[in-house]
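Read the structure below first, then the notes.
Everything numeric in this text was worked out from a predicted model, so none of it was measured. Both ligands and their constituent atoms are indexed starting at 1 by order of listing.
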Amino acid sequence: MSEMNLIDIRRHLHQIPELALHENQTHDYLLHIIGSFKQKYLTLGSIESLPTAILVRIKGSNPNRTIGYRTDIDALPIEEKTNLPFSSIHPGVMHACGHDVHMTVALGILHYFTEHQPKDNLVFFFQPAEESESGGRLAYEANAFSDQFRINEFYGLHDNPSLPAGSIGCRMGTLFAGTTEINIDLTGKGGHAAYPQNANDMVVAAAQLISQIQTIISRSIDPIQSGVITLGKIEAGTIRNVIAGHARIEGTIRGLTQSMIELIDQRLKDICHGIELSYNCKIDLELNQGGYYPVKNNSALTKGFINFMKNNSDVDFIETQPAMTGEDFGYLLSKIPGTMFWLGVGDDSSLHTATLTPDESSIGKGVNAITSFLENRMKE
Ligand SMILES: CC(=O)N[C@@H](CCC[C@H](N)C(=O)O)C(=O)O
C-alpha cells in the first residue's frame, strides 16, 4: 500500500470520529480495509462484550513468540475547528487525540506483514474506548488475549504534536501518568435568591470545595514529586435568582506512581468530608481509576526498543520526559510486558484541542520505523 493510500485512509477515519464504545462506523471501515489485504496468514477475532474491538492475528513462519501491537480507535466530544476539507462529519466529535493517525499507522504495519510473512506471530488489537471507559481493561477482563491471541510482549504508540513529525520518543520506566476520574455531586437545598437563610447554597459550597482541592498539589504532596488535579467541568443552578440546591464537578487526577494517585484520592475524600460538615450538605464523591494505571515500560523490552531506534539512521529518536497524559495501555502493560512510545506529529496545537492537525508525513515514517523494529525483534 502506498503512502498515498494511507493518507486517504487516515482522512476517511478522521471524518468519522466516534465516542468510546460507539465506534461502529470506524469498526466497519477498519474491517473493510483489513478485508482488502492478503488473507493468507491472517485470522480475525472479536470480543463479544466489546463489539467495536477487532483482533487480527498474522501467523508467523517460525514463531518464537507472539508480539502484540495495539491502537486505540475512539475520539473526543470536541467540535472540530481545523477547517480541513476532510473535517469530522460527526457534529461535536473529533479525532482530537490523533487516534486516526494511530489506526492508520497500525493498518500500514499490518498491511506490510500480510505481504511479508513475519517470523513471529503478530496480534493487532484495535481497541475501543481509550479516552474513557477503559477499553483495554475491558478487553483483558473479557479474556481477549487468550488462545491464538495470547500475547507475549505488547507495543503501542501515542502521537505527540510537540515532537518533530515522524520522530520516535520513548523512555525507560514510566512514560505516562496514571489517572483517576473524579465525579462530585453536592446536594444542599434550593430556594429563593432573596432568602439564603432558608436554603443551602451549593454554588458557595462548590466554590469552597474547588479552592480547597487546589491546596492538595501545593500543600499535601512532596514538591520533588508531581501530581495534577484538573476540574474540567462544573454545573450548578438554573437561573440567577434561584439558589442552587445541587452542583456537580467533574475532573481528573494524574500521578506518575500509583502511591501518588492514592495519596491524592485520600486527600480529596478528606476535603469532601470537611466541606460536608462545614456546609451541612451531602457530597457523593466517585473516584474511578478504571484501567488508567501509570504506563510503565518493561525494562528489557524498552532497552531493546530504544537501542534499535537510536541506532537506526532512518529514525529521529528523542529520549522524552514522563508525561501527565494518561493511557489505559498502562493497564495492559501491568499484565503483559511491553513498551509504549511517542510518534512525533509536529503541530502547534496540542492534544485534546479543536485545531489539532497532525503532520501526515509522520504516518509513513512511523510505519517504516515500527516495521523495521518488529522485523529486527523477530531475529532475536
Ligand atoms: C493520551 C490522552 O490524552 N489520554 C487521556 C486518557 C483519559 C483518562 C481518563 N479518562 C481521565 O480523564 O482521567 C488523557 O486525558 O490523558
**Request:** Apply side-chain contact (heavy atoms from CB on, under 4.5 Å) to Thr174 and Thr257, showing your working.
**Result:** CA-CA 8 Å; Thr174 301; Thr257 60; over 6 Å; no
**Request:** Specify the closest pair of heavy atoms between Glu380 and Asn64, including all atoms of both residues, with the distance to one decimal.
**Result:** O-ND2, 3.9 Å
**Prompt:** Under the side chain to side chain donor-acceptor pair (under 3.5 Å) test, which residues partner Arg70, sequence neighbours left out?
**Reply:** Gln127, Glu327, Asp328
**Asked** Between Phe125 and Phe145, does a ring pair (Phe, Tyr, Trp, His ring centres under 6.0 Å) hold up when you go through it step by step?
**Response** CA-CA 9 Å; Phe125 176 39; Phe145 307 112; 5.1 Å; yes
**Message:** Between Arg10 and Glu360 (salt bridge meaning N to carboxylate O under 4.0 Å), is one present in this structure?
**Reply:** yes
**Message:** Run the side-chain contact (heavy atoms from CB on, under 4.5 Å) test on Asn298 and Glu153 for me, step by step, so that the C-alpha distance in whole Å, both residues' side-chain angles and the decisive distance to 0.1 Å come before the verdict.
**Reply:** CA-CA 9 Å; Asn298 173 272; Glu153 57 191 67; over 6 Å; no
Mind listing the N or O contacts between ligand 1 and protein, cut-off under 3.5 Å?
| residue | atom | partner | partner atom | Å |
| --- | --- | --- | --- | --- |
| ligand 1 | 3 (O) | His352 | NE2 | 2.9 |
| ligand 1 | 4 (N) | Glu130 | OE2 | 3.3 |
| ligand 1 | 4 (N) | Gly326 | O | 2.8 |
| ligand 1 | 10 (N) | Glu131 | O | 2.8 |
| ligand 1 | 10 (N) | Glu181 | OE2 | 2.7 |
| ligand 1 | 13 (O) | Thr179 | OG1 | 2.9 |
| ligand 1 | 13 (O) | Thr252 | OG1 | 2.8 |
| ligand 1 | 15 (O) | Arg254 | NH2 | 2.8 |
| ligand 1 | 16 (O) | Arg254 | NH1 | 2.9 |
| ligand 1 | 16 (O) | Arg254 | NH2 | 3.2 |
| ligand 1 | 16 (O) | Gly326 | N | 2.7 |

